Amino acid sequence: MTTPVYENFINGHFLKNQTGDTFAVTNPATDEVIYHVEIADEFIQNAAIESAKQGFAAWSAMTPIERSRILLKAVAILRERNDGLAKVEVLDTGKPWQEAECVDVETGADVIEYFAGLAPAQVGQQQMVGNDFYYTRKEPLGICAGIGAWNYPLQIACWKSGPALAAGNAVIFKPSEETPLGAIKLAEIFIEAGVPAGVFNVVQGAAEVGQWLTANPNIEKVSFTGEVGTGKKVMASAAGSLKDVTMELGGKSPLLVFDDADVSQAVSAAMLGNFYTQGEICTNCTRIYVHKNVYQQFIDELKTRTEQNIIAGDPMDPEVNLGALISKKHQELVLGYIDKGIQEGATLLTGGKALSPASAPNGYFVEPTVFVDCKDDMTIVKEEIFGPVMSVLVFDDEDDVIQRANDTHLGLAAGVFTKDIQRAHRVIHQLQAGICWINSYGNSPAEMPVGGYKQSGIGRENGIETLDHYTQTKSIYVGMSNIESPF
Ligand code: NAD
């Protein structure tokens with residue numbers, strides 16, 4: 001059976017490359033190649049820049065309310081096509097249908113809707129200075145590049161294009177080479193909704209195509225989602241032409257469970273924050289610090305629920321709540337971390353092996369895995385694993401656990417479970433992380449800014465402030481009297 005070949009999406013349509021080079025995309029739950037994608041060669045790259053220049057000229061000349069109206073049409077189409085788009089995400093990523101069906105498209109559409117609503121409300125300032133005055137204009141940046149990770153492909157494309165387009169920019173988006181289809185579907189939807197050709201272009205390929213985007217002098221900004229190490233390369237390359245950057249990077253986030261917490265709720269949060277999307281979520285609370293008074297109760301309930309309530313298998317089965325990891329290579333990496341945890345003396349509470357469910361025997365599954373009695377200096381406690389692997393640690397002192405939680409170069413997210421309202425806020429204010437939850441974990445509404453402290457990121461996505469990251473301020477001074485000049 002021949003598989004489809006997708007071309008790059010430039011200037012409102014698919015465009016064939018000249019080299020004929022392609023790459024294959026595999027369904028992680030079946031180990032089968034499902035389609036091929038043409039790599040953006042020099043011809044495509046040049047065409048993308050020309051297209052985005054034209055797109056920018058047309059789009060930035062429209063009023064914010066016109067742009068808003070068009071983007072809201074795209075939102076409506078995204079919602080109408082929810083199930084088809086969710087299926088694309090399941091086949092590309094291996095994540096469970098029960099998640100994609102209600103989260104991936106929905107949270108992407110929400111963000112475009114949010115920024116479409118905000119676009120007409122963005123205003124400049126005006127101030128008198130004596131008889132003269134100045135005013136400011138919020139102008140778009142120009143051509144912005146988006147580079148995405150593979151865990152939430154369509155959502156990431158929406159989160160980057162929503163504010164960029166609302167502010168009047170053009171975008172060249174490069175999805176992850178593991179999951180390239182969602183962004184193409186979004187590009188088609190933008191065209192159908194009336195976004196002018198050239199405003200949202202999709203180029204395909206791996207690191208080399210990303211490097212071209214980060215180095216290209218016609219591009220004013222790069223918004224990147226991916227690993228910390230890649231983020232450093234992207235930022236270094238963007239520095240060559242002093243591009244603005246937004247960096248949404250990795251994490252190793254702590255969840256602190258105090259002895260007055262509702263333990264069952266804390267177990268729910270820990271499981272969500274480690275096993276949802278089979279652990280491939282940047283904000284996951286992979287370091288769970290539990291107070292010694294509730295430690296045994298916590299791990300007993302965690303073990304029971306992990307062993308009884310998780311169903312791995314064909315991700316399209318609506319009953320399945322644990323999908324396949326993105327690739328064989330990633331499965332091996334995650335299993336390697338589990339081996340390291342065992343070697344370094346952590347106690348395996350449950351899981352620890354590759355899985356081969358009857359309904360998806362060739363998929364890249366890993367059992368939901370919990371290590372207990374972990375120590376702060378173990379590799380599994382220090383490094384991002386990006387799989388279903390949780391490390392549980394014990395604590396007995398508030399100040400001490402805050403210091404331990406902060407002892408990392410990462411700072412994406414953090415959580416606290418306690419019924420003591422003063423402790424909740426006191427502790428969360430001291431945690432060095434950009435996205436924090438109290439008696440909750442993982443919720444990320446369009447209204448709430450998200451981004452990392454320390455090496456987990458730069459800038460924010462979502463929330464009002466993000467619109468500022470896609471505009472620049474022009475100040476205009478207006479003289480109302482004769483110029484005073486010594487010449
Ligand atoms: P990755 O860094 O390997 O790749 C991300 C993207 O960068 C891909 O599109 C890739 O092709 C591209 N790329 C690779 N090398 C490049 C280079 N030198 N220049 C430009 N582009 C390059 O990350 P991944 O494996 O796709 O995603 C997993 C990582 O993403 C995890 O670390 C996770 O924590 C992080 N992540 C962060 C967030 C967030 O919002 N903070 C969200 C999702 C994922």
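Whatever order the structure lists ligands and atoms in, that order sets their numbers, starting from 1. These numbers come from the heavy atoms of this one structure, side chains and all, not from hydrogens, waters or symmetry mates. Keep in mind that this is a model prediction, so the values were computed, not measured.
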**OP:** Indicate, with yes or no, if the rings of Phe386 and Trp150 have centres closer together than 6.0 Å.
**Re:**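 Ring-ring flag for Phe386/Trp150: true, centres closer than 6.0 Å.
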
**OP:** Would you check if the distance from the ring center of Tyr289 to the ring center of Phe395 is below 6.0 Å?
**Re:**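 Not close enough - the centres of the two rings lie 6.0 Å or further apart.
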
Taking [atom] as the point of reference, which of [options] owns the nearest heavy atom?
atom                    : options                        : answer
atom 3 (O) of ligand 1  : Thr246, Thr179, Val450, Thr230 : Thr230
atom 5 (C) of ligand 1  : Thr225, Ile147, Ile156         : Thr225
atom 38 (C) of ligand 1 : Gly434, Cys282, Gly451         : Cys282
atom 17 (C) of ligand 1 : Gln204, Gln211, Glu177         : Gln211

Subject >> Nearest-neighbour protein heavy atom for atom 8 (C) of ligand 1, which is reported as residue plus atom name and distance >> reply: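 Answer, as residue, atom name and distance: Gly148 O, 3.2 Å.
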
Subject >> Protein contact of atom 32 (O) of ligand 1 - nearest heavy atom, named by residue and atom, plus distance >> reply: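 So the nearest neighbour among protein heavy atoms is Glu384 OE1, 2.6 Å.
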
May I ask you to check whether [X] has an N/O atom sitting below 3.5 Å from an N/O atom of ligand 1?
X      : value
Lys233 : no
Gly210 : no
Gly251 : no

Original post:
Under a 4.0 Å heavy-atom limit, does Glu461 contact ligand 1 with its side chain, its backbone, both, or neither?
Top reply: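 None of Glu461 does.
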
Subject >> Val228 and ligand 1 - part of the residue with a heavy-atom distance under 4.0 Å >> reply: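 No part of Val228 comes within reach of ligand 1.
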
**OP:** List for me each residue that meets side chain to side chain donor-acceptor pair (under 3.5 Å) alongside Gln155, sequence neighbours excluded, and say none if there are none.
**Re:**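 Listed in chain order: Thr107.
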
Is there a heavy atom of [X] sitting under 4.0 angstrom from any atom of ligand 1?
X      : value
Tyr152 : no
Gly457 : no
Gly452 : no

Identify whether the distance between the nearest side-chain nitrogen and carboxylate oxygen of [X] and [Y] falls below 4.0 Å.
X      : Y      : result
Asp376 : Lys382 : no
Asp104 : Lys95  : yes
Lys252 : Glu383 : no

Subject >> Asn274 and Tyr441: side chain donor to acceptor below 3.5 Å >> reply: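 No, no side-chain donor-acceptor contact under 3.5 Å.
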
Original post:
Residues in side chain to side chain contact (heavy atoms under 4.5 Å, CB included) with Gln432, at least two apart?
Top reply: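 For Gln432, the residues satisfying side chain to side chain contact (heavy atoms under 4.5 Å, CB included) (neighbours in sequence not counted) are Asn406, Tyr453, Lys454.
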
Original post:
Does the protein put a heavy atom less than 4.0 Å from atom 40 (O) of ligand 1?
Top reply: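 It does; a protein heavy atom is within 4.0 Å.
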
Original post:
Judged by atom type as modelled, is there a donor-acceptor pair below 3.5 Å linking the side chain of Asn201 to the main-chain atoms of Phe173?
Top reply: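 Absent.
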
